[in-house]
Number of protein chains: 2
Amino acid sequence: MLLVSTSGRRVTIHDVARNAGVSITTVSHALNGKGVVAAATRKRVVDAAATLGYSADAIARGLRSNRLGILGLVIRPLDTLDSYLPVGVDYFVRFAGAAAVAALDRGFGLMLVRDPTTGSVPGIALAVDGFIISDPVGNDPVIGLLKRNGIPLVTVGRDVDRPDFTDWIGTGTGADSTEVFAHLLDRGAQRVALVAGTDANAWNADSEIAYRSWCAGRGQEAIVYREDERSGESGGRMVADVMLDSGEPVPDGIYCLTGRHASGLQARLREAGLTVPGDVMIVAGSDSEQTRSSRPTITSVDLSPEATATAAVNFLLSRLDGDARSGPPSVKNVLRARESTNRPLVDS
Amino acid sequence: MLLVSTSGRRVTIHDVARNAGVSITTVSHALNGKGVVAAATRKRVVDAAATLGYSADAIARGLRSNRLGILGLVIRPLDTLDSYLPVGVDYFVRFAGAAAVAALDRGFGLMLVRDPTTGSVPGIALAVDGFIISDPVGNDPVIGLLKRNGIPLVTVGRDVDRPDFTDWIGTGTGADSTEVFAHLLDRGAQRVALVAGTDANAWNADSEIAYRSWCAGRGQEAIVYREDERSGESGGRMVADVMLDSGEPVPDGIYCLTGRHASGLQARLREAGLTVPGDVMIVAGSDSEQTRSSRPTITSVDLSPEATATAAVNFLLSRLDGDARSGPPSVKNVLRARESTNRPLVDS
DNA sequence: TTCCTCGCCCAAAACGTTTTGTTCCGCTAG
DNA sequence: CTAGCGGAACAAAACGTTTTGGGCGAGGAA
């Protein structure tokens, strides 16, 4: 019934203890439900804390218990850019936003970190409770750094050169590819090509593996193009030019992993007089603004960034809780059929 | 010359002290350049720290010095969404990304925080060193909360109902508007309308103020439409319908603040038989994927999120350093002229 | 010699928690 | 009556820093 605020100072556990007439130990126990405290005492403490507006200092708590309440997020594809230009923007902002929300909902903050292996890491980056690495590159040095510092981590998409590392969330790349090929086949495609990116990540690698195995199964020769992810629509146009100039007929089904590439590719092919979906059907591996607003609109795999991000956060938190060996969740993506493959189905 | 690592434990300042044969005080001083330590001693300490791979624990440091090394970022427009769907996505991801980079470059981490006034704030949110609030709403409760807790903050766009708060970065809204109107006028527009959003933020408010004052100066009646930011392209189409059904002639120049609205608006007007830029010229107040890929492409104000974000981070950090009264920086945006206003200039 | 100053270094206090180990007390079993 | 036990509370240690307030010795001025 005395001092409510010791002047401008932050209200600490000591203030609560004094107001409730108990020791700080009891306050801590009462508030965290840890030790054994009498019901009446607990109530007194809780009330005092409420009227004082007390909440434990996250830093002090972090020091003692080695838990800061922050998750780190590294989006690898963004690291390769000089500035955070919109590349796969659409996907990644939704991913980051959803991850932030999921983390907040679980009482954690989410910290965006740029490649922590370069230059001087702000010490704080190594103080977070755990990391989510989106689309690691092969043998990713970030993973090495974190492991060396004993910081738990989870990746979205596996590290292709680290087969022993299993704490990754699959985004169903293989299944997606299979579904895409079936979709094209059902609509009469005879010669299907793959346009992949050049980053050494699992998405590119696994898509190509799935494609080649599908080709092998059908006795079709594999036609693979690779184009830098960062080249955007103009990169897609360049791939189209290569197709047109090759002397070979242009494939009648194209699975183009990057949305921006798909958009440029389609535009160039149409300029060259081909029709979509009449002469060529196009499917993008990543839904984006471009695939939705191109004319014709482009059939795409919706990578469901929200679901993936939420799954990643939950997976990481379960690891942090020591729920050691629960397997990684798997996220189901959905194929959004649009005009670029709008052909009647054929009997097989 | 002895123990390099006390087993699996984290290497602390004590380890360095022991290895260098000095006290922890001296280590701290030597490493932080604080007290006065002999050159030879400093070298010994630095070497020991290097070989041990020591870096001060950010949490412990934070506890002692009340500086965590983290900046919080709240993007208000995203808070009003249920899920982080792409609204002005383009702008905000670039903003968040650039802010993260700028913060990292200055040795700080950047933490994404969703509206900290709702529900239970993860305590960590109130432990950060300072906040950047993007596009606060009128009399924003987030600002209230942070001020109450004595947490420094800076906003991007002013709080329209908090005239006494001056630590905000202007994104040149007024100047942008003026430039847009001049652009339309130079190309022969006679009746210019404004399509604003409904959020109670400075962008909407100041744009309308600039518009009305411009109208007053020319003796033109003000034609203002308002449409919810979240309605996207279909919202733009609805505005177009209102224009078409009004009985009045459709304006021959439209300044539409939101890129998605502009895209839908243009599409609907063209469906109704109007030509762009022949019958109507359209300018968007926020460059985005939509404005770039619409047919025809839409002239837009590039809000230069990277520059704004960097400025915001620097401004906040200068406030944290106590460089108290340096005025807020102002960022210059640039008008990207595209097809939607591609008309010959007229003499005035 | 004595006193002061100054350069260099260190022990200890603080930061606000959580956790460990202890004390106190009343009750029950022997 | 005594030993043992368990509920309730607390004092103190610990977390890893930074900062405060000396302490010590060498050199210079008196």
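What you are looking at is a predicted structure, and each value in this text was computed from that prediction instead of being measured. Each chain gets a letter, A, B and so on, in the order the sequences are listed, and its residues count up from 1.
Here the side chain of A:Asp135 pairs no donor or acceptor atom with the backbone of A:Pro77 at under 3.5 angstrom. For B:Ser28 (side chain) and B:Thr25 (main-chain N/O), no donor-acceptor pair under 3.5 Å exists by modelled atom type. Formation of a donor-acceptor pair under 3.5 Å by the B:Asn149 side chain with backbone atoms of B:Ile151 is not found in this model. Looking only at distances, no side-chain donor or acceptor of B:Ser304 sits under 3.5 Å from a matching main-chain atom of B:Ala307. Here the side chain of A:Arg114 pairs no donor or acceptor atom with the backbone of B:Ala100 at under 3.5 angstrom.
When every heavy atom of B:Asp167 is checked against every heavy atom of B:Leu153, the shortest pair comes out as CB-O, 4.0 Å. For the pair B:Ala202 and B:Gly157, the tightest heavy-atom approach, listed with the atom from each and the gap, is CB-C, 4.3 Å. Here the closest non-hydrogen pair linking B:Ala103 and B:Leu110 is CB-CB, 4.3 Å.
A close approach under 4.0 Å does occur between a side-chain nitrogen or oxygen of B:Thr41 and OP1 or OP2 of C:dC9. A close approach under 4.0 Å does not occur between any side-chain nitrogen or oxygen of A:Asn66 and OP1 or OP2 of D:dC15. Phosphate contact (OP1/OP2 of C:dT19, side-chain N/O of A:Lys34, threshold under 4.0 Å): present.
For B:Ile124 and C:dT17, the CD1 to P distance is 13 Å, given to the nearest whole Å. In this structure, CG of B:Leu68 is placed 14 Å from P of D:dT17, rounded to the nearest angstrom. When the P atom of D:dC15 is taken as reference, atom CZ of A:Arg67 falls 19 Å away, rounded to whole Å. Between the P atom of C:dG16 and the CG atom of B:Leu126 lies a distance of 15 Å, rounded to the nearest Å. We find that OH of A:Tyr54 is positioned 10 Å from P of C:dG16, with the value rounded to whole Å. For the pair A:Asp15 CG and C:dG16 P, the interatomic distance rounds to 9 Å; values are reported in whole Å. Distance NE2 (A:His14) to P (D:dC10): 13 Å, rounded to an integer number of Å. With rounding to whole Å, A:Ile13 atom CD1 is found 8 Å from C:dT18 atom C1'.
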Please write out the pairs of protein N or O atoms and N or O atoms of nucleotides 22-27 of chain C separated by less than 3.5 Å, giving the distance to one decimal.
none

I'd like a table of atom pairs between the protein and nucleotides 10-14 of chain C - only N or O on both sides, under 3.5 Å - with the distance next to each one.
| residue | atom | partner | partner atom | Å |
| --- | --- | --- | --- | --- |
| C:dC10 | OP2 | B:Ser23 | N | 2.9 |
| C:dC10 | OP2 | B:Ser23 | OG | 3.2 |
| C:dC10 | OP2 | B:Thr26 | OG1 | 2.7 |
| C:dA11 | N7 | B:Thr25 | OG1 | 3.3 |
| C:dA11 | N6 | B:Thr25 | OG1 | 2.6 |
| C:dA12 | N6 | B:Thr25 | OG1 | 3.4 |
| C:dA14 | N3 | B:Arg64 | NH1 | 2.8 |

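Of all nucleotides listed (D:dT19, C:dG16, D:dA8), D:dA8 comes nearest to the side chain of A:Ala38.
Partners of A:Arg106 by side chain to side chain contact (heavy atoms under 4.5 Å, CB included), not counting sequence neighbours, listed by chain and number: A:Phe108, A:Asn314, A:Leu317. Considering only residues two or more places apart in sequence or on other chains, B:Arg158 meets the salt bridge (charged side-chain N to carboxylate O under 4.0 Å, His left out) condition with B:Asp206. Residues passing the side chain to side chain contact (heavy atoms under 4.5 Å, CB included) test with A:Val74 are A:Arg76, A:Asp79, A:Val113, A:Pro116, A:Phe131, A:Ile133, sequence neighbours excluded.
Ion pair B:Asp47/B:Arg44 not flagged as a salt bridge, since none of the NZ, NE, NH1 or NH2 atoms sits closer than 4.0 Å to an Asp/Glu carboxylate oxygen.
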Per-nucleotide pairing state of DNA chain C [Watson-Crick or G-U, under 3.5 Å; [ ] pseudoknot-crossing; | other strand]: ||||||||||||||||||||||||||||||

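Residue A:Ser65 is out of contact with every strand shown, counting any heavy-atom pair closer than 4.0 Å.
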